[in-house]
Number of protein chains: 2
Amino acid sequence: MNPSRHHGGRQCGTSYDVAREAGVSQSTVSRVFRPGTSVAPATRARVMAAAARVGYRPNAIAASLITRRSNLVAVVISNLTNLHYPEVLAELTRRLSAEGLRVLLFTLSTESEIDAVLDQIWRYRVDGAIVAARLSAKQQAAFVHEGVPLVLYNRPGHDGIASSVCCEAASGEQLLIDGLLCAGRRRFGLIAGPADSAVGEARIAAARARLEAAGLLPVAEERGDFSHASGLAATRAIIAAHRLDAIVAANDVMALGALDVLRHEAGLAVPADVAVVGFDGVAPAAWPAYRLTTVRQPVEAMTDAAVRLLLTRIAEPGRPAEQLLFAGALVPGATAPLG
Amino acid sequence: MNPSRHHGGRQCGTSYDVAREAGVSQSTVSRVFRPGTSVAPATRARVMAAAARVGYRPNAIAASLITRRSNLVAVVISNLTNLHYPEVLAELTRRLSAEGLRVLLFTLSTESEIDAVLDQIWRYRVDGAIVAARLSAKQQAAFVHEGVPLVLYNRPGHDGIASSVCCEAASGEQLLIDGLLCAGRRRFGLIAGPADSAVGEARIAAARARLEAAGLLPVAEERGDFSHASGLAATRAIIAAHRLDAIVAANDVMALGALDVLRHEAGLAVPADVAVVGFDGVAPAAWPAYRLTTVRQPVEAMTDAAVRLLLTRIAEPGRPAEQLLFAGALVPGATAPLG
DNA sequence: CTGTTAGCGCTTTCAA
DNA sequence: TTGAAAGCGCTAACAG
C-alpha cells in the first residue's frame, strides 16, 4: 500500500514495489521469498522477475521484528589475542552460518566492558549467545531473565543456569604430570593463569593434585596472564630462585615463553635439564622450533557441541541446561619425555 | 496502544508497557531512551523507574527499521587462521564498538562462499562493511548499487569504487632487499603467496623489482598459501634444488616455516648460511626462538583509518572513495643481517 | 516539554 | 493458491 519513496537515494525496493511490478499482492511476494510456502510456479516466476528488476532484497530486520527471531547469535570472546581463540571463533562462525545464524561479535579489552556488551545483546534481541568470557552468577541469571539461551565456552555454568562446553583439565594434566613423574622429574615449577580464569585454575589445581598424589609439592609457582610475555616473566622469576626439572604452564603460549627463556636466556637444555608442558594445542606449539608436549583441546567437537547445545535451547526454551565435558588429547612433543 | 501480550513466555516489556506504568505517552518513553532529546528530569525519573519495574530494553531491531540505521557493520575476513588477522579483527571490533557500531562477522572457509555472504549483508541492511577478502569488480560495484559504504582492508579498491587501507609493499621490501644486498647476499629464494592475493603478489613483485634493480634474478621461486605448512613445503622444494643465501617470504608465517626447515631439517645456520625475511610483524615472529627480521604492518593506524574512512562514507554517502597507503616499519631481527 | 499520529517492511491469520 | 488487514516495537514530524 505504500511503495518506497526512494527518499534516501538509491534505496532498494520493498516487497510492495515488487508486488506492484508483478501484479500480485504483497503477501504473495513475501511467500515467494520464504522457504516452505506454496506458491504457483508461474506466480513465483513472475515475482522473481519483478524482484530482479526492482533490485529487491528481503529485509531481515523487518522480518525479525515480526517473527521475533533475529537469526543473530552473540559471540563474546574476552581475549582474541590468546592464539587459541581465533581458531574457536573461526569454527563457531562456520558452524553457525551453516545453521543459518549470523554472528554478532563482541570482544572485551577489559572485563569491565561486559555489562555494556550485555546491554547491546539484549537490545539486538539475539536468538542466543555463546560466551567465552567471565560471567558472574548474576550476569548468567540475566540471560535466563531475558530469555536468551546461553552457552558458556570453557567456562563452568553457574549451577545449571547456563549450558556449557568445557575441555576438562584433570585427565589431560594427569597424562602430563604422571608422564613426567614416570620419567623421573621431581622438581616442578607451575605457571598459572590469571586468578579469575576458571580453566586456568582448574588446570593448575589438577596438576598440583597429581603431584600431591605422588607425595610432592611444587617447588615454585608463578602467575601469568596467558600471554607469551607473562610466560617469559614467570619463568625468569622461577629459575632465578629455584632449581627445577619440569615446568607446567596453564596454557601453551606461556609454555612457549618458558621454552624461550630456558633455551635462549638461561642456556638450559630442554628437555635434558628442564621439561616443559602446556595446554591447548595451538598451532605454533607444533612448529619444529618448539614441538611442545601438550594437550590439545578438541576444538571441532567442542564448537560443534556448543552450537548444537545452543540450537536445542533455542528450539526448546524450557529445556534444562547441560554441561558438556570434553577430554583433551595428548600431543607428545619433544619438550618433555613422558615415562 | 498495544501493551505486550507476553505471548512467548518471559518477553521483555515494550515502550507501551513502560508508558502505561509511568503514566506518560509512549513517545515520551522513546525520548527518555534516546540521546540528545530533552525530557523533564522528573518525567525521566518516573520513566526510568517504570522501565526497571517492567524490565524494559529498547529494541534495536525496531529502531533500525524506522531510522534506516542498523548500527551494524559487516566485517568479512577470509582467513582467520592467518595469525595476522585475529589482531586486525580485535582492533576493528574495539574501534567500531567505541563508535557505537556492532560487528556482524563473516569468515570464509572458501572464496566461493562470498556471494552467500554478500546476500546476507544486503538483507541485514548493514550501515557499512569492512572487507579483508577478495572481491571482484562486480562484487565491489554491488556495494555501490546497494548503497553500502565499503572499505577494503589490505586489498586494492577497484578504480575508486571502494575505499581502501593497505600496507604498502614497496618501501618495506626495499628496506629488506637492499639491506640483504648490502650485507652481500646474492642468491635469493622467493616464497610467494597464492596467486589471487594482491598483497602477496605486490610484496613479491616489489622484492623482485629491487633484485632486478641490482642486476639480479631470484635463484628460485615457490608459491605457498600463507600457511606455516606451505612455508615448510616451499622451503624444502627450494633448497633441494638450489643453493642460496637468502629467503624472502610473502608473509611472516611462511618465513617462520622456512626458518624451521633450514634449522631443524637442513641443518643450515641462519643467518650465517641463509638469511630469512618475512612481512607482517605477527607476534610469534618476535619470540626468541625466531626473532624474524620483518616489516610490521601498522595495525593500529590501519584499523583506525579503516573505521574512520567507513564513518565518513556513512555520514556522507556521496563522498568519493579514498585509497590510503601505510608504510610498514622495519623490525630488525636476528634472521637477516641488513648491511 | 509532552502527546498524537503515521508509518518503517515484513509475517501472519483469516477469508475468498 | 492468493489477497486483505492487522500489527511487530519503535521513531519522527507536528501540534499543543
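Residue numbering restarts at 1 for every chain, and letters A, B, ... go by the order of the sequence lines.
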Who pairs with Arg123(A) by salt bridge (Lys or Arg N to Asp or Glu O under 4.0 Å), at least two apart in sequence or on another chain?
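Listed in chain order: Asp119(A).
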
Applying salt bridge (Lys or Arg N to Asp or Glu O under 4.0 Å), can you list everything that pairs with Arg134(B), at least two apart in sequence or on another chain?
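Here no residue qualifies.
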
Nearest whole angstrom, please: distance from the C1' of dC8(D) to the OH of Tyr124(A).
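About 17 Å, once rounded to whole Å.
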
Taking CD1 from Ile61(B) and P from dG7(D), how many angstroms apart are they, rounded to a whole number?
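In whole Å, dG7(D) P lies 22 Å from Ile61(B) CD1.
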
What's the closest nucleotide to the Leu65(B) side chain, out of dT1(D), dG9(C), dG3(C)?
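Between dT1(D), dG9(C), dG3(C), the one nearest the side chain of Leu65(B) would be dG9(C).
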
Got a list of side-chain donor-acceptor pairs under 3.5 Å for residues 298-316 of chain A, not counting sequence neighbours?
from      : atom 1 : to        : atom 2 : distance (Å)
Thr303(A) : OG1    : Arg95(A)  : NE     : 3.0
Thr303(A) : OG1    : Val299(A) : O      : 2.8
Thr303(A) : OG1    : Glu300(A) : O      : 3.0
Asp304(A) : OD1    : Arg95(A)  : NH1    : 3.4
Thr312(A) : OG1    : Leu309(A) : O      : 3.0
Arg313(A) : NH2    : Arg319(A) : O      : 3.3
Glu316(A) : OE1    : Arg319(A) : NH1    : 3.2
Glu316(A) : OE2    : Arg319(A) : NH1    : 3.1

Do any side-chain nitrogens or oxygens of [X] fall under 4.0 Å of OP1 or OP2 in [N]?
X        : N       : result
Ser38(A) : dT1(D)  : yes
Thr28(A) : dG3(D)  : yes
Arg68(A) : dT11(C) : no

Please enumerate all residues that pass side-chain hydrogen bond (donor to acceptor under 3.5 Å, both in side chains) together with [X], with sequence neighbours excluded.
X         : value
Ser163(B) : none
Ser38(A)  : none
Ser78(B)  : none

Tell me, do Asp17(A) and Tyr56(A) make a side-chain contact under 4.5 Å, heavy atoms counted?
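The answer is no; the side chains never approach within 4.5 Å.
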
Inter-end axis angle, the helix from dC1(C)-dG16(D) to dA16(C)-dT1(D), with every axis fitted to five base pairs (rounded, 10 degrees)
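Roughly 30° between the end axes, to the nearest 10°.
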
Which pairs count as salt bridge (Lys or Arg N to Asp or Glu O under 4.0 Å) when at least one residue sits in residues 32-46 of chain A, sequence neighbours excluded?
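Listed by first then second residue: nothing to list.
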
5' to 3', nucleotides 10-16 of chain D under a 4.0 Å protein heavy-atom cut-off (B base, S sugar-phosphate only, - none) gives BBBB---

